[in-house]
Amino acid sequence: MTLAIAVAFSLFIALAAAPIDRIFSKDVRWLLIGAASLAFFQPFQLLIEQSCQGLNQIRRLAVFQLLMSGAYLLGLIALVAAQRLTAGTALGAYLAGTALASVWTLLQMQPSFKGVSRYIKLTLKETRGYGFNLYLARISGMASSRSDQLAIGYFLAGTAPLGMYAIAQKFSNPIAMVGRALAATRFRAFARVTRLPSRITRWHSIAVVAASTALVSLGPITLRLVFPKYRAAASLLVPFAVMNSFVGLFQPYNVFLASHGRGAALRNIVLIVGIATIATLIVTVPRFGIAGAAWTAAAAMALDYMLHLLYYRRFISTLEETKPTATT
């Protein structure tokens, strides 16, 4: 299934190259066409991550992610040393790192197709229900999470605003990684409980808030000393800290709902947040520029967090109502 998706994804990237050029007035057609072949390996990244979570092979997942990032970093260093670093070669290095890590990890996992026929009916049944809802949630989430950059590219002239926005966003990503680490390690455990353990949510919240505080305190200094070209992006660190704080905070609830098969709830959350985000960006980006996009993203993740809480409470209430009562 992933192989078919990978082929379709590569073809889509190649075919979308020319329309993207026309819509955004950017000369990126040949860049996208050149990257289409390596984009083939992108769907395998999600396959490996989901498989490792389901099998509880967290160490293998960590090695995969380290290999992917390490190969990308080595590629960038080689490009800098050869004075060949451009947007196109950097994209190629990133996709090549993903390809290398995917092939290596799949060989290590040694997937077996023996006796697979008896699982096809079950797979199709789950795909029509939970899987399709989760697919809608993921594709809507990707569109929503990238809509801020698309809006900046469409409404604002030049590439400098998007560069400032991207560097500030990169600085804040480690906050969300705290929550995503929990997602990777606790998926199977959450599937066996009827509510989130309070100690996990408490310590998780403390870690996320501490990471956000560190970003707001140390981020501007780091930008000024290490990346002076991007010091103007310091003003964006506060909204991005807020945004990633909420991203980190809703991860336990997201994982809990996913582990219990609540695909419809996750779909509804993402659709609501996506529509609200896109509608707001159309107003805020032309008027407030990249600051408007950053604060819109922060507000969207706050809404995302509140909706996760709402659906989580509804679900545990349903579990408590259907719990069998003791009889005398």
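No donor-acceptor pair closer than 3.5 Å links the side chain of R224 to the backbone N or O of I221. With hydrogens and angles ignored, the 3.5 Å screen pairs a side-chain donor or acceptor of H204 with a backbone N or O of G248. A donor-acceptor contact shorter than 3.5 Å links the side chain of T201 to the backbone of S198. Listed for the S172 side chain is no donor-acceptor partner under 3.5 Å among the backbone atoms of A241. Between the side chain of Q45 and the main chain of F41, no donor-acceptor pair closer than 3.5 Å is present.
Heavy-atom minimum distance, A17 versus I33: CB-CG1, 3.7 Å. Of all heavy-atom pairs between F246 and A298, the closest is CD1-O, 4.2 Å. When all heavy atoms of A96 and L38 are compared, the pair lying nearest together is N-CD1, 4.1 Å. Of all the heavy atoms in L79 and A90, the pair that sits closest is CD1-N, 4.2 Å. Taking every heavy atom of both residues into account, L196 and P252 meet most closely at CD2-O, 3.8 Å. When all heavy atoms are compared, the tightest approach of A168 to L237 is O-CD2, 3.9 Å.
A 4.5 Å side-chain heavy-atom check between F171 and F227 finds at least one atom pair inside the cut-off. Proximity of T98 to S102: side-chain heavy atoms (C-beta onward) are separated by under 4.5 Å at one or more points. With contacts defined as side-chain heavy-atom distances shorter than 4.5 Å, the pair L249/S205 qualifies. T105 is not listed as a side-chain neighbour of V63, based on a closest heavy-atom distance of 4.5 Å or more.
When the options L257, L310, T194 are evaluated for a side-chain contact (heavy atoms from CB on, under 4.5 Å) with F315, the one that passes is L257. Put simply, the residue from Y312, F250, Y311 that forms a ring-ring contact (aromatic ring centres under 6.0 Å, His included) with F256 is Y312. Between T284 and the options I290, T296, D148, a side-chain contact (heavy atoms from CB on, under 4.5 Å) holds for only T296.
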(message) The test is side chain to side chain contact (heavy atoms under 4.5 Å, CB included); show your working for I200 and F190 and say whether it passes.
(response) CA-CA 11 Å; I200 288 181; F190 284 170; 4.0 Å; yes

(request) Report the C-alpha distance between E49 and F64 in whole Å, list the side-chain angles of each, state the deciding distance to 0.1 Å, and finish with yes or no for side chain to side chain contact (heavy atoms under 4.5 Å, CB included). (result) CA-CA 9 Å; E49 290 174 353; F64 166 70; 4.2 Å; yes

(request) Using the side chain to side chain contact (heavy atoms under 4.5 Å, CB included) rule, take L156 and L162 through it: C-alpha gap first, then chi angles, then the decisive distance, then the call. (result) CA-CA 9 Å; L156 304 181; L162 186 57; over 6 Å; no

(message) Run the side chain to side chain contact (heavy atoms under 4.5 Å, CB included) test on V247 and I175 for me, step by step, so that the C-alpha distance in whole Å, both residues' side-chain angles and the decisive distance to 0.1 Å come before the verdict.
(response) CA-CA 8 Å; V247 172; I175 301 172; over 6 Å; no

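Separation of atoms CZ (R22) and CD1 (I20) is listed at 10.5 Å; rounding is to 0.5 Å. Note that OG of S245 and CE of M301 are 12.5 Å apart. Values are rounded to the nearest 0.5 Å. Separating the CZ atom in F44 from the OG1 atom in T2 is a distance of 6.0 Å, to the nearest 0.5 Å. Atom CG of residue L85 and atom CD1 of residue I77 lie 11.5 Å apart, to the nearest 0.5 angstrom. Expressed to the nearest 0.5 Å, how far CG of L100 lies from CE of M68 amounts to 11.0 Å. The CG atom of L61 lies 6.5 Å from the CD atom of Q53; values are rounded to the nearest 0.5 Å.
A single hydrophobic cluster is seen to contain both V226 and L215, as judged by linkage of ILVMFWY side chains at heavy-atom distances under 4.5 Å, directly or through other members. Cluster membership for L91 and V80, using ILVMFWY side-chain heavy atoms within less than 4.5 angstrom, is shared. A continuous path of hydrophobic side-chain contacts links L307 to L309 [ILVMFWY only; heavy atoms under 4.5 Å]. Note: the hydrophobic cluster containing Y154 also contains L281 (ILVMFWY, side chain heavy atoms under 4.5 Å, direct or indirect links). No single ILVMFWY cluster, assembled from side-chain heavy atoms under 4.5 Å apart, contains both L67 and L76.
By the neighbour-count criterion of 12 heavy atoms within 6.0 Å, atom CZ of R202 is densely surrounded, having more than that number from other residues, nucleotides or ligands. Under a cut-off of 6.0 angstrom, the local environment of OH in Y230 is sparse, with at most 12 non-hydrogen atoms contributed by other residues, nucleotides or ligands. Around CZ of R231, the count of heavy atoms belonging to other residues, nucleotides or ligands within 6.0 Å does not exceed 12.
Taking the six-membered ring wherever Trp is involved, the centroid distance between the rings of Y165 and F240 falls below 6.0 Å. Note: H308 and Y253 fail the aromatic proximity criterion, with ring centroids not under 6.0 Å apart.
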